[in-house]
Each structure stands twice: as structure tokens, then as C-alpha cells.
Amino acid sequence: MRNGEVAQVFYDIADLIEMTEGDRFRPIAYRRAAREIEAMPEDIEKLWRQGGVDRLRQVPGVGQAIAEKIDQYLREGKVDALEKLQKEFPKGLVAVMRLRGLGPKRASVLWKALGITDIADLKRAAENRQIRRLKGFGEKTEQKILDAIKLHEEGQSRTLIAVAWPIGEEILAFMRDHARIDRAAIAGSARRMREAVGDLDLLVTSPEPVAAIRVFTTMPRVKEVVLAGETKATVILDSRLQADIRVLDPGSWGAGLQYFTGNKDHNIHLRTMAQSRGWKLDEYGIFEGERKIAGETEEGIYAAFGLPWIPPELREENGEIEAAAKGALPRLVELKEIRGDFHVHTNRSDGVDPIEAMVQAAVDLGYEYVGISDHSQSLVVANGLSPDALRMHRARIRAVNREFEGKIAVLAGTECDILEGGALDYPDDVLKELDYTVASVHSKFTLSEEEQTERVVKAIQNPFVNIYAHPTTRLIGSRDPIEIDLEAVMEAAAATGTAIEVNAYPNRMDLNGPNARMAKEKGCILAVDTDSHAHGQLGNMRFGVGTARRGWLGPEDVVNAWPLDRVRAFFR
DNA sequence: GCCGTTTTCGGCCCGACTGTTTTCAGTCG
């Protein structure tokens with residue numbers, strides 16, 4: 001899967017074109033194509049092998065010129081247009097341009113006026129007070145550049161949704177306690193339930209916006225105020241997470257929520273639709289001349305276009321507006337429809353809590369059933385169970401099941417390793433004594449795509465395997481996905497009635513939304529599991545459901561939204 | 001560079017904030 005590196009080529013081209021004095025729309029076109037390539041679940045190299053340039057052109061945002069560049073990149077590993085641009089500008093200038101507060105124009109001025117070619121040059125120039133002398137720059141800008149360099153040196157990355165969301169809730173609670181706040185919500189990519197967010201976007205309405213902003217910028221956990229105006233502010237929190245707030249009038253709540261939830265392409269699509277009707281859409285509402293058509297509710301914004309309300313998780317400009325127009329939006333699965341969790345560890349392997357505590361947590365969530373799935377023998381680091389130990393563990397699970405009778409059904413399962421070559425870590429006669437088997441990869445991450453795919457498909461074809469867990473094994477921020485032909489895996493899973501997992505462990509979130517959508521389209525059933533290793537982690541289900549919704553999944557697609565009888569029949 | 005239920009050419013979302021300016025360009029989301 002080389003979609004990421006192909007996308008990077010076009011991000012780089014866009015950055016460099018921006019520094020030339022040329023057409024400002026070309027970078028937009030390149031970035032659009034890059035985002036599409038990055039987000040699509042299909043392997044772009046595979047599309048190219050199947051249908052060449054013509055097939056590539058079917059990707060939204062990819063026309064003849066970009067398709068030919070992809071073709072050259074996949075063929076030769078380079079793109080002439082990019083190499084030509086790279087010769088025009090110093091290598092380090094793009095990094096200068098990416099600093100907070102700087103952009104293509106200022107980076108270009110710094111290079112031409114002071115010969116600055118990278119961040120080290122820039123730092124020296126700022127420290128030597130050379131920048132303040134430039135036209136259009138000043139003392140404050142010079143200081144801000146030094147601040148931005150410091151931020152860059154500290155390094156920033158995306159924050160997991162399971163970390164960011166509670167911080168957002170905490171901030172909103174603080175705001176309610178210390179300012180006059182009418183309505184408040186988390187917006188942005190967190191509301192869209194992206195697995196990791198670059199910042200936290202918050203929206204409130206208040207009769208005293210200036211006071212609300214002051215409360216926000218003076219919260220205890222604010223490390224730095226980046227900007228603060230009369231209706232919006234940006235701060236850096238002590239956790240280094242950036243938080244943006246927007247304060248609006250109640251009459252603009254819906255428009256503001258729509259605008260601040262995004263994503264950008266979804267919003268541009270809606271605004272273009274407004275334009276073609278002779279209207280204007282912004283964060284205050286939809287306007288026909290001076291007259292406000294909508295704005296108080298988000299439903300009203302969509303209704304003005306003749307559309308039903310589109311759930312935030314779908315707002316990625318992946319056909320959701322077209323589907324809404326046709327009345328073809330899926331009915332998405334909801335958290336309250338989840339009846340159980342099949343991927344739960346106890347202190348018998350690498351969890352921290354005993355079976356009873358995990359089961360009680362499931363009862364507290366109102367579940368109808370919960371499955372215990374500790375690690376298998378090969379996973380020594382996780383204290384994997386030998387066949388005999390698993391038999392004893394199963395007996396303990398049965399005993400806990402009796403203890404909780406009438407409250408919840410406790411199923412005995414395993415998270416069984418898939419060994420190199422595709423054999424399972426327990427023989428079939430051990431697996432058949434269990435209620436179900438979760439199978440997953442925890443070793444040999446670097447096999448070739450062919451070997452890895454063959455390995456997993458073979459495991460999926462084992463009749464005792466019910467769920468293939470964390471399918472790509474990626475760890476957000478620390479481990480890339482394994483090389484595997486997901487489409488082949490999904491086809492095998494659909495054919496054998498094996499569920500594919502949406503693993504809601506915060507740094508896994510695997511499958512992600514687009515891949516889950518592809519699994520559904522391939523005819524797969526999915527299982528949304530938390531992979532909990534402590535009782536508090538069962539609550540991560542909300543983020544798993546968010547990811548499932550990003551995959552356009554409904555309750556019919558999710559095995560743990562089904563009643564137990566139906567689950568048992570599916571597992572059999 | 002892409003795209004078309006107004007277009008194959010002429011468009012391409014929209015507003016807030018900041019710093020450096022005397023009215024606005026650059027950047028950001």
C-alpha cells in the first residue's frame with residue numbers, strides 16, 4: 001500500500017508551487033488529489049496495475065496531468081515536475097513555510113531578502129534581530145517566529161480521540177462553571193470521530209462572548225494563548241494539545257456547528273451548493289441577500305438544501321451529500337444498540353483486572369453479553385495461556401457466568417495468535433471447547449504482502465475462527481500497518497462468515513472508518529470491540545462505534561449489536 | 001490542475017485575527 005507516499009508527492013508539489021508567484025488554485029488542486037489518495041481504502045498501485053492512467057483518472061480530483069504523474073512515480077519512483085520544483089527552492093524552505101504564522105509568501109520573502117534556506121538560518125536571523133527590519137515584518141513577528149520554532153522543535157503530533165475527547169468535555173464543564181454559557185459542544189474532527197485529532201474545536205453560545213473568551217484563555221491548563229479576539233481564541237494546553245473556541249449568538253448555533261465540524265471539503269461542497277442557488281453559507285447562517293434562511297439548527301442548514309441531517313461521522317466528502325440527496329444515507333449503528341464486547345482481557349494474561357471486574361464493567365454498560373478473550377500460548381510476553389491453562393480459565397469463566405446469571409451472559413473465548421504460515425496457536429480440539437475464537441497477528445509483521453495475506457486468509461478459513469481482530473496491526477504513531485491485501489482478506493471473511501474487527505483500543509482503531517466501509521461493501525460482518533485490558537477501558541466502545549459509523553455501518557452490519565441467540569448462530 | 005442537472009472555459013468557500021499598515025496582506029481554520 002503506497003497511497004501515503006504517492007499523496008506526499010502531491011503535498012510536496014503543492015507546497016512548492018505555493019512559493020512561486022503562480023496560480024493559487026493549482027496547489028488547491030494538488031492537495032485535493034493528495035487527500036483523496038491518502039483517504040481511499042483501495043491500493044492506488046493496484047488500481048494503476050489494473051487500469052493504468054485511465055483508471056487513476058476515476059479517482060476524484062485526479063485528472064490527466066496528475067494521473068500521468070502518478071503513473072511516472074509508480075513506474076520510475078520519481079516525478080519530473082516535483083524534481084524541477086525542488087531545484088528552484090532550497091530544501092529546508094518548505095519546513096520554514098510550515099511554521100506556525102508563516103506561509104508561502106513570508107517564507108519566500110525571508111529567503112530572497114535574507115538568504116534563509118532552513119529553520120536553523122531562520123533562528124539565527126531572528127536571534128540577531130534581522131527579521132524586524134524587513135518590510136512587512138516587525139518586532140512582534142520576529143518573536144512569534146522564535147516561538148513557532150520552539151513549538152516545532154518540541155515536535156507535535158496528533159492526539160488520540162480517547163485522550164482529546166475527555167479534555168474537551170472537561171473544558172466545556174469548566175466554561176459552564178465560570179462563564180454564562182447557553183450551549184456548548186465539541187466540534188471539528190473530534191465530533192467526526194476521527195481516531196486522532198490535530199486540535200480540539202469547541203463551540204459555545206453566550207450572551208457575554210468577551211467574558212467567555214477570557215475564561216477560556218485563563219483556564220488553569222492553558223500553557224500559551226496563541227490568539228484571542230472577540231469571538232474566537234486559540235490556546236495551547238499543558239498537554240501540548242491546541243484548543244480553538246468559537247463563541248456565537250444562539251441564532252447561529254446550527255450554522256456554527258455545521259461550519260466548525262467540517263470537514264473542509266464537505267463544507268466547501270455545501271457552500272458551493274449555496275452559491276449556485278444565489279445564497280451565501282457561512283458560520284452565521286444561510287443568507288439570500290440580507291435575509292437569513294437558516295442558521296439556528298444544523299438540521300435547518302441541511303434542510304435548506306433539501307437534505308436530511310447528515311451525521312458528523314460521515315462528513316468527509318466521500319459521497320455523503322450525494323447519498324443524502326438521494327435519500328440513501330445509511331441508518332448508522334448507535335452506541336446504545338451495542339449489546340456486548342468480544343475482545344476483553346483479564347489478569348490471567350496481560351490485563352490488570354480479574355474476570356469479575358471486567359464482567360461487572362460490562363453489566364454497568366448495560367450489555368447483554370461479554371466475551372473473555374485472553375492471549376494464547378505463543379504470546380509469552382503477554383502471559384499467553386497453555387491449552388491446560390485455557391481449560392482451567394474456561395472453567396473459571398463458566399463459574400463467573402453462573403455468578404452473574406440473570407444479569408449478563410459471559411462467553412468463553414480466546415484471542416488466538418495466527419502463527420507464521422497461517423496455523424492457529426491452539427489445535428482445533430481446544431478451540432472447539434470455547435464459545436468463540438478471536439484470531440489475530442502479533443508476530444512476523446514484516447512478511448511480504450503475499451505471505452502475510454496467505455497467512456491471514458488461511459486462519460480466517462479455519463471454521464473455528466469467528467473474528468479476525470485488529471486486521472492491519474497498526475499502532476497510531478508507532479507502527480505502520482502490515483503489508484496485506486485487505487480486499488482478499490475481506491473476501492475470505494465474507495465467504496466464511498468470519499467477522500472483521502473494528503478494534504477500539506485508542507492507539508489501534510483498526511479497522512479505520514474507510515476500511516470498515518470497504519469491508520461492508522465486500523459483504524463482511526464487523527465486530528466492534530474494545531480490546532480492554534482494564535475495566536475502565538470498556539468505555540472506549542463509544543470511539544469504536546464512532547469509527548464504525550465513519551465506515552457507514554448500521555446495526556445489521558455489527559455482530560455485537562445483535563441479540564445473543566443470533567450471535568451464537570453466527571459463531572456456529 | 002480540476003471540473004460541469006446553469007459551464008469543455010471560467011470559475012474555484014468564507015470570515016476572524018494579527019501585525020504592520022494608514023487601508024490591508026498574510027495566515028489560519
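Here is how names work: the chains are called A, B, and so on, in the same order as the sequence lines, proteins then strands, and each is numbered from 1. We use all heavy atoms of the structure for the numbers below, so side chains are in, but hydrogens, waters and symmetry mates are not.
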Span that lies between the C1' atom of B/dC24 and that of B/dT20, in whole angstrom: 9 Å
Rounded distance (Å) that lies between atom P of B/dG1 and atom CZ of A/Arg57: 13 Å
N or O in side chain of A/Thr272 less than 4.0 angstrom from B/dC12 OP1/OP2: no
Distance, C1' atom - from B/dT6 to B/dG11, rounded to whole angstrom: 13 Å
Comparing A/Ala228 and A/Val59 on DNA chain B - which has the more 5′ nearest nucleotide: A/Val59
Rounded P spacing from B/dT5 to B/dG1 in Å: 23 Å
Where the chi angle of B/dT21 falls, syn if within 90° of 0 and anti if not: anti
B/dG15 phosphate, OP1 or OP2, under 4.0 Å from A/Lys280 side-chain N/O: yes
B/dC2 to B/dT8 separation - C1' atoms, rounded to the nearest Å: 12 Å
Any A/Gln275 side-chain nitrogen or oxygen under 4.0 Å from OP1 or OP2 of B/dC12: yes
Sugar-phosphate only, base, or nothing, as touched by A/Leu281 at under 4.0 Å among non-hydrogen atoms: sugar-phosphate
A/Arg277 CZ to B/dT5 P, straight-line distance once rounded to whole Å: 13 Å
Ring centres under 6.0 angstrom apart (A/Trp279, A/Phe305): yes
For atom CG of A/Leu227 and atom P of B/dG19, their distance in whole Å: 9 Å
Salt bridge flag under 4.0 Å for residues A/Lys123 and A/Glu153: yes
Lys/Arg N to Asp/Glu carboxylate O, A/Glu449 vs A/Lys46, below 4.0 Å: no
Write out a two-atom table: protein N or O, nucleotide N or O from nucleotides 26-29 of chain B, distance below 3.5 Å.
| residue | atom | partner | partner atom | Å |
| --- | --- | --- | --- | --- |
| B/dT27 | OP1 | A/Gly103 | N | 2.6 |
| B/dT27 | OP1 | A/Gly103 | O | 3.3 |
| B/dT27 | OP1 | A/Arg106 | N | 3.0 |
| B/dT27 | OP2 | A/Lys105 | N | 3.4 |
| B/dC28 | OP1 | A/Gly101 | N | 2.8 |
| B/dC28 | OP1 | A/Leu102 | O | 3.4 |
| B/dC28 | OP2 | A/Leu102 | O | 3.4 |
| B/dG29 | OP1 | A/Gln242 | NE2 | 3.3 |

Any strand: nucleotide that pairs with B/dG19 via Watson-Crick or wobble, under 3.5 Å: B/dC24
Interatomic distance where NE2 belongs to A/His269 and P belongs to B/dT5 [whole Å]: 10 Å
Between C1' of B/dC3 and CZ of A/Phe25, the distance in whole Å: 13 Å
Residues A/Glu18, A/Arg31: salt bridge by 4.0 Å N-O rule: yes
Ionic contact status for A/Lys144 with A/Asp147, cut-off 4.0 Å: no
N/O (side chain, A/Thr141) to phosphate O (OP1/OP2, B/dT20) under 4.0 Å: yes
Lys/Arg N to Asp/Glu carboxylate O, A/Lys326 vs A/Glu322, below 4.0 Å: no
P-based separation of B/dC13 from B/dT18 [nearest Å]: 25 Å
Whole angstrom value for the distance that separates C1' of B/dC14 from CD of A/Gln258: 12 Å
Proximity to the side chain of A/Lys144 - top-ranked nucleotide from B/dT6, B/dT18, B/dC2: B/dT18
Sequence-distant partners of A/Glu83, side-chain contact (heavy atoms from CB on, under 4.5 Å), two or more places apart: A/Lys78, A/Gln86
C1'-based separation of B/dC12 from B/dT7 [nearest Å]: 13 Å
Separation of B/dC13 C1' from A/Asn263 CG (nearest whole Å): 13 Å
Residue pair A/Thr472 / A/Asp510, side-chain donor-acceptor N/O under 3.5 Å: yes
Between P of B/dA25 and NZ of A/Lys140, the distance in whole Å: 21 Å
Pairwise C1' distance for B/dG26 and B/dT21, with rounding to whole Å: 12 Å
Ion pair A/Lys522/A/Glu487, N-O distance below 4.0 Å: yes
Residue whose nearest DNA chain B nucleotide is more 5′ - A/Ala29 or A/Arg246: A/Ala29
